[in-house]
Structure formats: structure tokens, C-alpha cells
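For reference, the structure discussed in these notes is given below.
One is the number of the first residue; the rest follow in order along the sequence. Just so you know, these numbers use all the heavy atoms, side chains as well, and skip hydrogens, waters and symmetry mates.
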Amino acid sequence: QLRLVDSGGGLVQPGGSLRLSCAANGFTFNYYAIGWFRQAPGKEREGVSCISDSGLSTNYADSVKGRFTLSRDNAKKTAYLQMNSLKPEDTAVYYCAADTSGCHSGMSYWGKGTLVTVSS
């Protein structure tokens, strides 16, 4: 059964760090681009970062550039979102997604989400 499991969220103080993981089961991971999206309370879901199937290309939303780093380990079928210098406005449920056609709002497979709360 094809599925994504996103994890690693939690409560962190402003300026702190978290690493989110996206583990894949049931499909050929290295055929898929991986994206991270987030949705804050009362707001629409937004794209955070995307990494190509090979891992050679990444992009980031302007709001997280220089603070977040997306990587992948195709042998472990896992992608990682390293989040540093976290701000209260980063508070949201974070979702990873996978698609063979790159990153977009209608990606084929989604994790259930992991909650990140940045607060003192």
C-alpha cells in the first residue's frame, strides 16, 4: 500500500530548530518529487519547499529561504525538512506530498500531517 508518513513536529521556542521526516512506503521513492506544504489555523495551505526526484534541485518559499533545508535519502526512502531559526509564524500543520510530475498543489500522495508549534 502506497503511503507517506510525516513526523517530527512538536513545540519549540522561537529561534529553535526541528527536523521533519517524510518516509515513503509502497512505491519507488526515487521516481517522485517530494514537497512540503503547511497550513496555519484560519489560513490556506501554502507550499514550503520542493525537491526533485534526484535531489539535485530544490526550491523554497521566500518566507523560509535561508532557514529551511530540504534533502532526501533515496536509499532510505525518506525526505527531511530541517527547520532552523523558527518563528511563531511558522506554526502550522506540515504535510509532505509526492508526485512524479513535480511539486504542485494537486500532488498525488499526501501524509497525514505533523503539527509544528513555535511559541515561548
For a quick test of reading the model, state the closest non-hydrogen atom pair linking V64 to V48 and the distance between them.
CG2-O, 3.7 Å
Keeping the roles fixed (side chain from T91, backbone from V118), state whether a donor-acceptor pair exists under 3.5 Å.
yes
Closest heavy-atom contact between G9 and V116?
CA-CG2, 4.1 Å
Nearest heavy-atom neighbours spanning F29 and A24:
CD1-CB, 3.4 Å
Show the nearest heavy-atom pair for residues D53 and N74, with the distance to one decimal.
O-ND2, 3.2 Å
What's the verdict on side-chain contact (heavy atoms from CB on, under 4.5 Å) for F27 and L4, showing C-alpha distance, side-chain angles and the deciding distance?
CA-CA 10 Å; F27 62 97; L4 293 171; 3.6 Å; yes
Sequence neighbours left out, what pairs pass side chain to side chain donor-acceptor pair (under 3.5 Å) with at least one residue falling in residues 2-19?
S17-N84
Keeping to residues at least two apart or across chains, list the ring pair (Phe, Tyr, Trp, His ring centres under 6.0 Å) pairs with something in residues 36-64.
F37-W110
More than 12 heavy atoms of other residues, nucleotides or ligands under 6.0 Å from CD of E89: is that the case?
yes
Measuring from atom SG of C50 to atom CE of M107, what distance do you get when rounded to the nearest 0.5 angstrom?
6.0 Å
Rounding to 0.5 Å, atoms OG1 (T69) and CE (M83) come to a distance of 11.0 Å
Distance-only criterion, 3.5 Å: show the donor-acceptor pairs between side-chain atoms of residues 94-103 and protein atoms not counting sequence neighbours.
from : atom 1 : to   : atom 2 : distance (Å)
Y94  : OH     : R38  : NH1    : 2.9
Y94  : OH     : D90  : O      : 2.6
D99  : OD1    : S101 : N      : 2.7
D99  : OD2    : S108 : N      : 2.9
D99  : OD2    : S108 : OG     : 2.7

Do L70 and Y31 share a hydrophobic cluster, counting only Ile, Leu, Val, Met, Phe, Trp and Tyr and linking them when any side-chain heavy atoms are less than 4.5 Å apart?
yes
Donor-acceptor under 3.5 Å (R72 side chain, G55 main chain)
no
Of all heavy-atom pairs linking C22 and I34, the shortest is SG-CG2, 4.4 Å
Shared ILVMFWY cluster between I51 and L20, side chains joined below 4.5 angstrom?
yes
Roughly how far, to the nearest 0.5 Å, is OG of S120 from CG of L11?
9.5 Å
Following the transitive rule for hydrophobic clusters with a side-chain heavy-atom cut-off under 4.5 Å over Ile, Leu, Val, Met, Phe, Trp and Tyr, establish whether V93 and L81 coincide in one cluster.
no
